[in-house]
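Worksheet: the structure to be examined is printed underneath.
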Amino acid sequence: MKVYYNSKLAKLLTFMKGFSTIMFFGVIITEEGVLSGKTLKHEETHVKQYVDCLGFGLLSGIVLMVIFLALGIHDSWAITLLLTIPILLYYVIYGTEYLYWRMRGFNKTDAYRKIGFERQARWIADTWNLPYNQQRHYISFGWWRNMT
């Protein structure tokens, strides 16, 4: 897990008040000079979620590529789409879920807190300082489950 401290990019991307750290395409960037163990565990969870989505996106892209080739579709737009699906899938799911909660009437902070990725990251990070056998551990695609 790579962490970039004192990141100028983090200053641009962390636009919500009180937030200074973000997982960005599989790496952690932060405005801070040091992060707490809880924050590191939270962001590490996001990295794992991103990797899950990347793998699922690659698998989906391969299946779609076979279908496109079978249908005789060889256009560059199709190949570009299939290459971008794995990279952006995490952010598409994240953004879609955020918009869903906003449309349901939640304010921006509450909508953010209801996103499955965020619920799972908090669920795991809340036990970061317990002995290993008492900690909650990452479950692939666990963000689909109710982590309360």
Side-chain angles (χ1 to χ4, degrees), residues 1-68 77-148:
M1 172 178 69
K2 182 67 177 160
V3 181
Y4 292 95
Y5 294 95
N6 301 312
S7 168
K8 292 177 184 171
L9 181 58
K11 291 180 194 290
L12 291 172
L13 296 176
T14 54
F15 52 88
M16 287 179 69
K17 185 178 179 179
F19 294 87
S20 61
T21 304
I22 189 170
M23 187 282 300
F24 188 65
F25 293 101
V27 298
I28 299 166
I29 57 175
T30 183
E31 299 175 33
E32 308 298 325
V34 65
L35 293 175
S36 70
K38 184 174 183 175
T39 299
L40 282 171
K41 186 61 99 172
H42 181 97
E43 297 304 329
E44 175 187 31
T45 301
H46 287 314
V47 171
K48 291 176 180 178
Q49 292 164 341
Y50 181 78
V51 170
D52 276 353
C53 289
L54 187 68
F56 181 74
L58 284 171
L59 180 63
S60 301
I62 290 168
V63 169
L64 286 172
M65 180 67 81
V66 169
I67 293 169
F68 284 178
W77 68 266
I79 294 169
T80 303
L81 176 67
L82 296 176
L83 292 174
T84 57
I85 287 172
I87 296 168
L88 298 178
L89 184 59
Y90 173 87
Y91 297 102
V92 169
I93 293 169
Y94 196 107
T96 301
E97 192 172 357
Y98 177 78
L99 290 175
Y100 170 79
W101 291 116
R102 289 289 288 165
M103 290 189 317
R104 297 276 316 261
F106 290 89
N107 65 38
K108 66 181 180 180
T109 302
D110 290 340
Y112 159 80
R113 292 188 60 78
K114 291 195 77 63
I115 295 169
F117 291 130
E118 292 301 331
R119 286 185 295 118
Q120 184 185 33
R122 281 192 313 275
W123 181 76
I124 292 169
D126 284 346
T127 63
W128 78 274
N129 59 344
L130 296 177
Y132 184 81
N133 63 340
Q134 294 177 5
Q135 291 178 11
R136 296 181 186 134
H137 299 284
Y138 184 75
I139 303 164
S140 289
F141 298 101
W143 44 271
W144 273 348
R145 298 182 179 106
N146 186 12
M147 301 279 177
T148 55

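All heavy atoms count here, side chains included; hydrogens, waters and symmetry mates do not.
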*Given side chain to side chain contact (heavy atoms under 4.5 Å, CB included), test Leu40 with Trp128 step by step and report yes or no.*
CA-CA 9 Å; Leu40 282 171; Trp128 78 274; over 6 Å; no
*Give every residue pair that meets the side-chain hydrogen bond (donor to acceptor under 3.5 Å, both in side chains) criterion with at least one member in residues 24-33, sequence neighbours excluded.*
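Residue pairs with at least one partner in residues 24-33: Thr14-Glu31, Ser20-Glu32, Thr21-Thr30.
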Identify the two heavy atoms, one from [X] and one from [Y], that lie closest to each other, and give their separation to 0.1 Å.
X      : Y      : value
Ala121 : Gln49  : N-NE2, 4.2 Å
Arg119 : Lys114 : NE-O, 3.1 Å
Cys53  : Trp143 : SG-CZ2, 4.1 Å
His137 : Tyr132 : NE2-O, 3.0 Å

side-chain hydrogen bond (donor to acceptor under 3.5 Å, both in side chains) partners of [X], counting only residues at least two apart:
X      : result
Lys11  : none
Gln135 : none
Tyr50  : none
Tyr138 : Asp52

Atom pair [atom1]/[atom2] of [X] and [Y] - distance to nearest 0.5 Å:
X      : Y      : atom1 : atom2 : answer
Leu13  : Ile22  : CG    : CD1   : 5.0 Å
Arg122 : His42  : CZ    : NE2   : 7.0 Å
Gln120 : Ile115 : CD    : CD1   : 13.5 Å
Met65  : Leu83  : CE    : CG    : 6.5 Å
Thr39  : Ile28  : OG1   : CD1   : 10.0 Å
Thr84  : Leu89  : OG1   : CG    : 10.5 Å

*Answer whether the closest heavy-atom distance between the side chains of Gln134 and Thr127 falls below 4.5 Å.*
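The answer is no; the side chains never approach within 4.5 Å.
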_Met23 side chain reached by Tyr90 side chain, heavy atoms, under 4.5 Å_ =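 In contact.
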*Please check if atom CZ in Phe56 has more than 12 non-hydrogen atoms from other residues, nucleotides or ligands closer than 6.0 Å.*
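At most 12 heavy atoms, drawn from other residues, nucleotides or ligands, come within 6.0 Å of this atom.
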Who passes ring-ring contact (aromatic ring centres under 6.0 Å, His included) against [X], sequence neighbours left out?
X      : result
Phe25  : Tyr91
Trp101 : Phe106
Phe24  : none
Phe19  : Tyr112

*Using salt bridge (charged side-chain N to carboxylate O under 4.0 Å, His left out) as the criterion, list what pairs up with Lys108, not counting sequence neighbours.*
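For Lys108, no residue satisfies salt bridge (charged side-chain N to carboxylate O under 4.0 Å, His left out) once neighbours in sequence are set aside.
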*Side chains of Glu43 and His46: do they bring a donor and an acceptor to under 3.5 Å?*
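Note: Glu43 and His46 side chains miss the donor-acceptor criterion.
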*Partner set under side-chain contact (heavy atoms from CB on, under 4.5 Å) for Asn107, not counting sequence neighbours*: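 Once residues adjacent in sequence are excluded, the partners of Asn107 under the side-chain contact (heavy atoms from CB on, under 4.5 Å) criterion are Arg102, Thr109, Asp110.
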*Could you note down all residue pairs passing salt bridge (charged side-chain N to carboxylate O under 4.0 Å, His left out) where residues 123-134 supplies at least one of them, sequence neighbours left out?*
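Applying salt bridge (charged side-chain N to carboxylate O under 4.0 Å, His left out) to every pair that reaches into residues 123-134, excluding sequence neighbours, yields Lys38-Asp126.
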